[in-house]
Structure formats: C-alpha cells, structure tokens
Amino acid sequence: MSRIMTGARMVIEALRDQGVDTVFGYPGGAVLPIYDELFQQNDITHVLVRHEQGAVHMAEGYARSTGKPGVVLVTSGPGATNAVTGLTDALMDSIPLVVLSGQVPTFLIGTDGFQEADTVGITRPCTKHNWLVKDTADLSATIHKAFHVATSGRPGPVLIDIPKDVQFAEDAYQGPKQIDPPRYQPVRKGSVTAITRLVELIEQAERPILYTGGGVVNSGPGASQLLRELADATGIPVTSTLMGLGAYPASGKNWIGMLGMHGLYEANLAMHGCDLMINIGARFDDRITGRIAEFSPDSVKAHIDIDPSSINKVIHVDIPIIGDVGHVLEDLLKIWKSRGRKVNTAALGKWWEQIEGWKSKNCLFYRNSDTIIKPQFALQRLEALTKGRDRYVATEVGQHQMWAAQFLHFDEPNRWMTSGGLGTMGYGLPASIGVQMAHPEALVINVAGDASWLMNMQEMGTAVQFRLPVKQFILNNERLGMVRQWQQLLHGERYSQSWSDSLPDFVKLAEAFGCKGAQVQDPKDLDDAIQQMIDYDGPFILDVLVEKHENCFPMIPSGKPHNEMLLGDAETQGAIQGAGAALV
C-alpha cells in the first residue's frame with residue numbers, strides 16, 4: 001500500500017531506503033521543509049558545514065573512504081552555486097555524490113525570484129546527470145534513480161533540484177523496489193575476445209607494465225585484490241596515478257611507484273620504454289602523458305575502463321576493453337591461468353634489471369638540514385610515526401600534495417583522499433572531516449600547505465562542533481609553493497603574486513576555533529610535535545615551518561615528453577635553459 005506524504009518527507013524516506021547515514025549541508029529558505037523533517041528523525045546524522053563547497057568536499061571524503069555515495073543538502077541560488085567547485089572536482093575524480101538543492105517554487109521559476117538560479121543549467125556540465133523535479137509524484141523515484149546513476153558505471157556526482165512547493169505538496173511515496181528498472185545500465189563484462197588477445201600479449205611481452213588508476217579503487221576492494229593477484233602471479237611491474245595509490249600496496253614486490261609530472265623516474269621511464277602498456281582504470285591524463293606525440297611510442301597499449309568515452313579520448317589504444325575493472329581482471333586471470341600461466345620469464349628478468357638501474361638514480365634524494373625542516377623530511381617523519389596505524393590521509397593541492405604522494409605509503413585502497421583532476425585548493429580540510437565522520441576511531445590527517453589550507457579554513461568550526469579529531473599537518477613555506485616553483489623554473493624567476501603575505505598565527509587560530517595548535521621549526525623537535533598532534537584527543541593544527549624555496553622533484557616540465565625529467569637542484573640548473581618557456 002502506497003504511503004502519502006509530503007515531498008520533504010519523501011526526501012528523508014528515500015535517503016533512509018538508500019542506506020544513507022550522514023548528510024553534509026547548510027540550511028536556507030528553499031530547503032527548510034526538508035530540514036524540518038531532518039529534525040524529526042534520528043536515523044540520519046546531519047553535519048552542519050560552514051560553506052557549501054566544504055559540504056561537497058566532505059561528502060567526497062566520506063565517499064572516497066567508504067565506497068558509498070556522499071550526500072549533500074544545500075539551498076537555492078548561492079547555496080547551489082557554492083557547490084559547483086565540489087561537483088566539478090567529483091566529476092573529474094569519479095566520486096559518487098548525490099546533491100539535493102532547494103529551488104524557488106515552480107510558479108516563480110524564471111522570474112528572478114529571491115535566491116533563484118538556473119541550478120540545472122549551471123550544473124549540467126559538472127554532473128553525470130541532473131534533474132529539476134516539478135511534480136511531487138516524481139520525487140521519490142528521481143532520488144532512487146539518482147543514486148543508481150551516481151554509483152553505476154564510472155561513478156560521479158548527480159544533482160536533484162527540488163522547488164519549495166514540491167517539498168510541501170503531498171503524494172504517494174515509491175520505494176526503490178517500486179520503480180521501473182533504470183535505463184542506465186553500463187556494460188560491466190569486458191569482451192572475452194579482447195581479454196584473450198591481451199592475455200596472449202602478456203604471455204609474449206618482454207617489457208610489460210601495469211598502469212593503474214582510480215578506477216581500480218572505485219571498482220571496490222575485490223578489484224584491488226585481483227590486481228595484486230595479477231601482478232604477483234605474472235611478475236609485471238606496477239605503477240599508479242595519483243588517484244590510484246593504494247590499489248596495489250606500496251610494500252608490494254612489484255611496486256615501482258607513482259608516475260606522472262612529479263612521479264618517480266623509474267616509473268616514467270618504464271612507461272616510456274615498455275612494449276606492452278596495460279592501462280587499468282586510468283584515463284591518460286595530461287599530467288601522466290607529457291607531450292602526447294612522444295608518449296611511450298613503441299608500446300602496444302591496452303585500456304580497461306568502464307567509461308566508453310575515456311577510450312581513445314587522449315591516446316589511441318590497440319586493445320580497448322570496456323567493462324568494470326573487477327570483472328575484467330577476474331576474466332583475465334581465469335583465461336591466463338587456463339592457458340598455463342605463461343609469461344616471458346627471461347625477458348621479464350632483464351626488464352626488472354633495467355628498472356632497478358633506473359631506481360639507482362634515487363630520484364627522491366634531497367639535501368637534508370640540521371637547522372631547518374625540509375618538507376620531504378617532515379613527511380618522512382609523519383610516515384614513520386603513523387605507519388601501521390588505522391590511518392587515512394587527505395591533502396590540499398600543491399607541492400605538499402606531491403611530496404605526500406611520494407613519501408607516504410599506502411598498502412590499501414580508500415586510504416588516500418586528494419583532488420587529482422581539478423586540483424582544488426581547499427579540498428583537504430573538509431575532505432578529512434568527511435573521512436573522520438565515516439571512520440570516527442581512525443587517525444585522519446590532512447597534509448596541507450599554508451595557502452591552500454586557508455581556502456576552507458572555516459570548516460575547523462565543523463570539526464570542533466562535531467568533536468572530530470582531524471589532524472591538520474600544515475607545511476608552511478609562506479609561499480604558493482607550486483606556483484613559485486614554476487615561476488622559478490619556467491618564468492625567469494619572476495615571482496608574480498606567489499608570496500603568502502599576512503599569514504595568520506595558526507596556533508592562535510586553532511585556539512580561536514576552540515581546538516589545539518602547535519608550531520615547530522627545529523628538525524630535532526619535529527618528532528615530538530607530530531606525536532603531540534597524534535596523541536591529542538581532538539582537532540589539532542600543527543604548523544610546520546619548512547624551507548621556503550624547496551622544489552618538488554622529480555618534475556616533467558610542462559610541454560615536455562614524459563621521459564624528460566628534472567631530478568634535482570644540480571641537474572635542474574643545467575636543464576632550465578632546455579625547458580625554456582614551456583607551454584603551460
């Protein structure tokens with residue numbers, strides 16, 4: 001028997017039926033009926049944010065660390081437009097979100113009513129799909145469809161715009177099992193013919209490599225296990241994009257490190273020199289490929305991806321396999337085992353010798369100091385003092401993000417939260433709050449830069465209100481570090497607007513928010529400061545004063561091929577002239 005209820009009540013019932021336990025949001029006039037219903041129930045926790053962008057990043061952290069869709073509730077007009085950066089970030093990084101936005105009543109749409117915006121039009125380019133619900137009879141079914149779209153195929157954000165009169169009106173509620181099967185049904189199983197052809201190439205390859213991305217993580221823990229089995233059974237080296245870290249363990253015997261603009265020398269050289277490149281859930285991002293015309297020119301390329309639009313979008317591949325990573329890897333392993341588990345053992349041995357030679361470059365080498373904290377050293381100590389704990393790491397965006405990817409190690413998926421595709425400064429603090437909501441007993445650390453952290457610093461109020469013990473590890477160089485580095489290397493040392501003047505006292509700022517803060521600048525005091533941060537039972541801001549002009553290496557200069565890398569200070573000075581005014 002159908003239940004008659006208001007549209008606002010339908011929202012709560014639909015969220016409950018979808019298994020939602022947490023909503024991140026900010027109230028306003030156009031969503032007050034929904035907030036009134038939230039007040040009258042106890043199944044769903046609402047997290048009051050300080051800014052709608054923060055709400056979406058919190059939902060991203062929640063989703064990325066749990067594998068479940070994050071849910072956001074915002075009001076009309078500026079509430080919805082403030083969410084746009086987070087929506088774009090989630091679309092680029094394939095994060096499943098359901099954003100519910102209020103809208104002026106249907107009879108005011110198009111009249112420039114108070115706090116009206118064309119939310120569906122504005123968010124169409126930054127969502128997988130969006131809806132404007134004009135009839136309460138369609139509301140519950142639309143919400144259920146939204147969850148399906150957000151989590152099926154390549155995950156991503158969706159938005160439902162709900163006018164205020166639709167929230168007040170009554171109609172029959174439909175549960176998930178009462179609606180018609182969604183028409184959106186992405187292909188999950190890959191072509192057996194294409195998979196068999198890939199197995200044949202694996203059997204013969206002399207210099208194969210597994211190039212893995214966030215799609216492995218998004219496919220679920222089973223996909224990561226299958227990747228590990230494939231790599232360990234075949235002996236093929238594994239590299240990863242920024243978004244794929246943890247899908248294959250950093251402690252694994254076949255791990256050769258992250259690739260890309262600030263990836264490891266051996267990983268980029270292996271990508272360039274391979275004869276078989278197996279792309280598993282990555283998208284040939286420009287930070288990976290460098291100059292496309294010179295990207296791994298002599299390799300046969302296979303691409304496994306659930307999103308057909310990602311295939312041949314940037315790099316032409318020889319073996320396209322459309323399907324879910326988990327399903328494809330399962331079939332690939334079955335076929336490979338059934339054919340006798342063959343690989344080109346002798347050639348693989350020589351390939352590994354070559355990779356070990358590249359590793360001997362020690363591309364992460366830096367000159368440490370007894371008098372000033374080097375950012376690399378800070379992250380090495382953070383890794384040493386938190387390794388083995390139930391740890392999740394978020395980052396802001398910039399040099400600190402790349403150093404974190406280089407020096408922090410992840411043996412499991414869903415432990416690393418960062419803004420990859422959009423590169424959103426201000427992502428890390430709210431993302432860490434979302435992670436902590438999902439994992440209240442875990443150690444959650446946000447690795448930040450001073451400039452990036454200030455973008456959404458207001459969310460410390462959220463952390464304090466909800467007693468979330470997130471740890472803010474700020475590498476403070478008083479600079480826009482990555483901007484300054486590019487200006488030094490590529491723009492004639494003209495440091496246009498890359499100094500962070502008038503920074504706050506982060507310790508006093510922590511106290512103003514009602515949490516704990518500390519500052520450290522002497523390397524010998526660093527371990528004690530990190531331990532104090534870890535041990536404190538509450539939100540903590542650690543202001544780590546680091547070398548101001550340290551550069552992040554290795555680095556592929558923008559516009560250069562991926563096998564032309566700058567490896568450090570001495571080499572850099574001789575190579576800057578060659579890099580020239582590279583295209584940004």
Side-chain angles (χ1 to χ4, degrees), residues 7-28 30-31 33-39 41-49 51-76 79-80 82-91 93-103 119 123 126-131 133 139-152 155-162 167 175-176 218 414 417 430-431 433-440 459 462 466 468:
R9 177 69 183 277
M10 284 183 186
V11 171
I12 304 304
E13 289 297 316
L15 296 181
R16 186 184 286 119
D17 282 347
Q18 290 292 335
V20 173
D21 54 26
T22 306
V23 172
F24 304 91
Y26 201 92
V31 283
I34 299 174
Y35 271 90
D36 191 47
E37 290 293 337
L38 272 171
F39 185 81
Q41 58 82 49
N42 295 311
D43 297 328
I44 299 171
T45 299
H46 179 274
V47 178
L48 178 65
V49 304
H51 189 282
E52 289 87 355
Q53 181 186 350
V56 185
H57 294 326
M58 287 181 204
E60 287 186 274
Y62 177 97
R64 185 74 175 173
S65 66
T66 63
K68 302 191 298 184
V71 180
V72 177
L73 177 58
V74 298
T75 195
S76 62
N82 281 347
V84 166
T85 297
L87 286 168
T88 310
D89 189 272
L91 185 70
D93 285 346
S94 306
I95 310 299
L97 301 180
V98 176
V99 177
L100 307 169
S101 60
Q103 184 55 275
T119 301
T123 62
C126 56
T127 55
K128 277 187 75 176
H129 197 66
N130 60 16
W131 297 263
V133 181
L139 181 56
S140 52
T142 301
I143 295 173
H144 298 314
K145 290 175 185 176
F147 275 88
H148 174 78
V149 172
T151 56
S152 299
V158 299
L159 179 138
I160 308 169
D161 205 27
I162 311 173
Q167 298 171 43
N218 290 337
N414 304 106
M417 273 52 65
I433 292 172
V435 175
Q436 194 80 76
M437 279 297 300
H439 307 278
E459 300 306 335
T462 304
F466 288 87
L468 300 170

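Because the structure is predicted, anything quoted here is derived from the model rather than measured.
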Could you check if a side-chain atom of [X] sits within less than 4.5 angstrom of a side-chain atom of [Y], using non-hydrogen atoms only?
| X | Y | answer |
| --- | --- | --- |
| V11 | L139 | yes |
| T85 | C126 | no |
| Y62 | I95 | no |
| T462 | M58 | yes |

Where do [X] and [Y] come nearest, in terms of heavy atoms and distance?
| X | Y | answer |
| --- | --- | --- |
| F466 | V47 | CZ-CA, 3.6 Å |
| P69 | A63 | C-CB, 4.3 Å |
| V158 | A146 | CG2-O, 3.5 Å |
| F24 | T22 | CZ-CG2, 3.7 Å |
| P430 | G54 | CB-O, 3.4 Å |
| A80 | S101 | CB-CB, 4.3 Å |

Gap between atom [atom2] of [Y] and atom [atom1] of [X] - 0.5 Å precision:
| X | Y | atom1 | atom2 | answer |
| --- | --- | --- | --- | --- |
| E52 | T75 | CD | OG1 | 8.0 Å |
| R64 | H57 | CZ | NE2 | 15.0 Å |
| L73 | I160 | CG | CD1 | 11.0 Å |
| E459 | Q53 | CD | CD | 9.0 Å |
| I12 | D17 | CD1 | CG | 11.5 Å |
| E60 | L87 | CD | CG | 8.5 Å |

Applying salt bridge (Lys or Arg N to Asp or Glu O under 4.0 Å) to D21 and not counting sequence neighbours gives K68
Sorted by chain and number, sequence neighbours left out, salt bridge (Lys or Arg N to Asp or Glu O under 4.0 Å) with E13 holds for R3, R9, R16
When D161, I143, L159, T142 are each screened for side-chain contact (heavy atoms from CB on, under 4.5 Å) with W131, the one that passes is T142
Exactly one candidate in V49, V72, D89 meets side-chain contact (heavy atoms from CB on, under 4.5 Å) with V56; the answer is V72
Is a donor on one side and an acceptor on the other found under 3.5 Å between the side chain of [X] and the backbone of [Y]?
| X | Y | value |
| --- | --- | --- |
| Y35 | Y26 | yes |
| N218 | S94 | yes |
| H439 | S65 | yes |
| Q41 | D43 | yes |
| Q167 | I162 | yes |

**Message:** Is there a side-chain contact (heavy atoms from CB on, under 4.5 Å) between Q18 and V71? Walk through the geometry before answering.
**Reply:** CA-CA 11 Å; Q18 290 292 335; V71 180; over 6 Å; no
message: Is it the case that over 12 heavy atoms from other parts of the model lie below 6.0 angstrom from the NZ atom of K128?
response: yes
